[in-house]
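All values below come from the heavy atoms of this structure, side chains included, with hydrogens, waters and symmetry mates left out. Throughout, protein chains are lettered first and strands after them, A, B, ... in sequence-line order, and every chain is numbered starting at 1.
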Amino acid sequence: VQIYLPIADLPVNIFLVLGMGLAVGFISGMFGIGGGFLMTPLLIFIGISPAVAVASVASHIAASSCTGAITYWRRRAIDVALAMMLLSAGIIGTAFGVWLFTELRALDQLDLVIGLSYVTLLSIVGALMIYESVRAELRARKGMPATLRRPGSHNWVHGLPLKMRFKRSKIYVSAIPVWGIGFIIGFIGAILGIGGGFLLVPMLIYFLRVPTATVIGTSMVLTLITMASATVMHAVTNHLVDAILALILMVGGVIGAQFGVRTGQKMRGERLRLLLGLLVFAVGMRFAYQLVVVPDDLYSIRQVTE
Amino acid sequence: MTLARALIVLILCGAVGPTPTMAERLVVSLSNNRVAVTSSFVGENLVLFGVIEPGPDRASLRSNYDLVVTMTGPSQTMRTRRKERVLGIWVNIDSREFIRVPSYLTILSNRPVDGIANADVRRRLQIGLDNFLLTQRIGPDIADTVRDDPYRVAFVRLQTLYGLYRQSSSAVTFLTPSVFRVAIPLPSNVPTGSYPIDVKLFSGGQMVARTTSTLEVIKTGVEQYVVDASRNYGLIYGAATSLMALLIGWFASVVFRKD
């Protein structure tokens, strides 16, 4: 069944898009991420313009992280104070990202920047995750306990001023790295149409030493609010949010996420991180291939809005 | 009064202007004057019927006619970009802007256009994709380029690939020597707006009659509503989409609640 998308201005197969929503939702539920880094490329692949894809995926991520956030809220696994601190900088990052997005689109370099950023981010993060999880797996096999959090081991981050105490997470850190992380996530999310969960979770763990109990829930609250505001900002500045597309993706996404969560709970943490690392790395390589290989067509057309 | 007189003068000017005196009269009718883009729109095939009638100063019809139908969509400014390899990766290195060119362009005839009229006439009347005026911004000037300009070629090729530009020498069928039928395909990715149709009748290499018609492509129902809302009320539209996301997220967490 074909359905016409009013903003993307093309008809798509409703079951194909729903299926994509389900599949990405499954992965996002399994790993506790938004899944934007998979959804945006998939939409581009079926012919939706990168700009519309990025803008519409933002609302899709908002929906799936809302479900996740509510679940974690019930388990009291959200550090509200930390989320609010990250958020205050995240909103500024998002606004800056939407602004840059508009500028780059005018310069015809948006596709390149999206492509390059995906390659760099995904391959580095993917490689780190694979390395880290393989090491943990090996350590576990030798019978040593896998400890992610080493209490007492401080890094340079903990030497910074403006220290704050976050009770729920039981950490005492400077506000500067918290703001920095918030800004980067908001910025990247708006430009690349990703929630940034797969970046935020490792950053919170490695830089701020946020315990695993609260890290995913907190990250989901942040993703929810930055993506909801990115939706509004994209709608106001670029008029590119396709509500019909977003609706289909959301419905598929939230259902898929439920099954993903169940599958994810049956797997060990290290194994799960290894799988996610491989997935992230593979998507990064796919983008790299696209940048390097001779394109099918050297020419492309874009409508100029007057 | 003055306006009416001005109009009459204009009409008269048009009638006695550079176009040749019309010996024949063309009567055309479109199967559908209004195409609605709904949620199930996957493109449409339009049919234009027409009859050639003898005009006042010609008692009978000639024996051989040729017909060229040009339909154009709303004009858009488009940028054609060219990629080049820079430090191993492919980058949009150069671009050319096509100013107010038709978003949709189809040129249909009953036989190849080079048999219908000579190159001069074809260029003057913009018969064929090669002769259609596609204005580019070149430095400070706005002009069409030579037909084998690489950007122009790429632009026409890509638009043809998307089904938006089209030239066909078999879409016009003469049912009798004076009754014809034109099949006009409208792909699903056409923009909304007004589509003027220009019908030109040729005989012996010269245009002998010309008429016009118009097709309206409109969005209706939900589609129109969504487009209007996103264009005119961006803030409310964005807020509503976000709210929809939150509601669906919340709803899912209630439905699938396990504890």
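- Here Leu247(A) is the residue among Thr71(A), Leu247(A), Asp242(A), Thr237(A) with the most heavy-atom pairs under 4.5 Å with chain B.
- Counting heavy-atom pairs closer than 4.5 Å to chain B, the top-ranked of the candidates Val254(A), Leu291(A), Val293(A) is Leu291(A).
- Looking at Glu84(B), neither its backbone nor its side chain comes within 4.5 Å of chain A, counting heavy atoms on both sides.
- Between the side chain of Thr67(A) and the main chain of Gly249(B), a donor-acceptor pair closer than 3.5 Å is present.
- At least one side-chain heavy atom of Tyr151(B) sits less than 4.5 Å from a side-chain heavy atom of Tyr299(A).
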*Could you please spell out the steps behind the side chain to side chain contact (heavy atoms under 4.5 Å, CB included) verdict for Ile89(B) and Leu116(A)?*
CA-CA 9 Å; Ile89(B) 59 170; Leu116(A) 272 181; 3.9 Å; yes
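- Using a 4.5 Å cut-off between heavy atoms, Val190(B) contacts chain A through its backbone alone, with no side-chain atom that close.
- The choice from Val227(B), Leu235(B), Leu158(B) that makes the most heavy-atom pairs within less than 4.5 Å of chain A is Leu158(B).
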*Run the side chain to side chain contact (heavy atoms under 4.5 Å, CB included) check on Ile7(A) and Val226(B) step by step: do they pass?*
CA-CA 8 Å; Ile7(A) 306 290; Val226(B) 169; 4.2 Å; yes
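- Both the backbone and the side chain of Pro150(B) come within contact range of chain A, judged by heavy atoms closer than 4.5 Å.
- Shown here for Val232(A) and Ser242(B), the closest heavy-atom pair between the two residues is CG2-OG, 3.6 Å.
- Heavy-atom pairs under 4.5 Å with chain B peak, among Leu112(A), Ile70(A), Ile61(A), Leu5(A), at Ile70(A).
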*Can you check side chain to side chain contact (heavy atoms under 4.5 Å, CB included) on Asp297(A) and Arg157(B), steps first, answer last?*
CA-CA 11 Å; Asp297(A) 207 318; Arg157(B) 180 173 53 79; 2.7 Å; yes
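- Atoms CG and OG, from Leu246(B) and Ser59(A) in turn, are 10.0 Å apart once rounded to the nearest 0.5 Å.
- Counted within 6.0 Å of CZ on Arg34(B), heavy atoms from surrounding residues, nucleotides or ligands total 12 or fewer; the atom is thus considered open.
- Looking only at side-chain heavy atoms (C-beta outward), Gln2(A) and Ser188(B) stay at 4.5 Å or farther from each other.
- For OH of Tyr162(B), the number of neighbouring non-hydrogen atoms (other residues, nucleotides, ligands) closer than 6.0 Å is greater than 12.
- Of all the heavy atoms in Gly234(B) and Val236(A), the pair that sits closest is C-CG2, 3.9 Å.
- The most heavy-atom pairs under 4.5 Å with chain A, out of Met78(B), Arg81(B), Arg85(B), Lys83(B), come from Arg81(B).
- Chain B forms more heavy-atom pairs under 4.5 Å with one residue of Ala62(A), Ser229(A), Ala63(A) than with any other, namely Ala63(A).
- Both the backbone and the side chain of Arg82(B) come within contact range of chain A, with heavy atoms under 4.5 Å apart.
- Residue Met250(A) comes nearest to Met244(B) through the heavy atom pair CE-CE, 3.7 Å, listed as atom of the first residue, atom of the second, then distance.
- One N or O on the side chain of Tyr237(B) and one on the backbone of Ala243(A) form a donor-acceptor pair closer than 3.5 Å.
- The two residues Trp90(B) and Val292(A) come nearest to each other via the heavy atoms NE1-O, 3.1 Å.
- Residue Leu298(A) holds its CG atom at 12.5 Å from CG of Asp94(B), rounded to the nearest 0.5 Å.
- With a 4.5 angstrom heavy-atom cutoff, Ser300(A) touches chain B via backbone and side-chain atoms both.
- Per-residue counts of heavy-atom pairs under 4.5 Å with chain A were compared for Ile93(B), Val91(B), Ile236(B), Leu243(B); the largest is that of Val91(B).
- The choice from Gly238(B), Gly43(B), Ala240(B) that makes the most heavy-atom pairs within less than 4.5 Å of chain A is Gly238(B).
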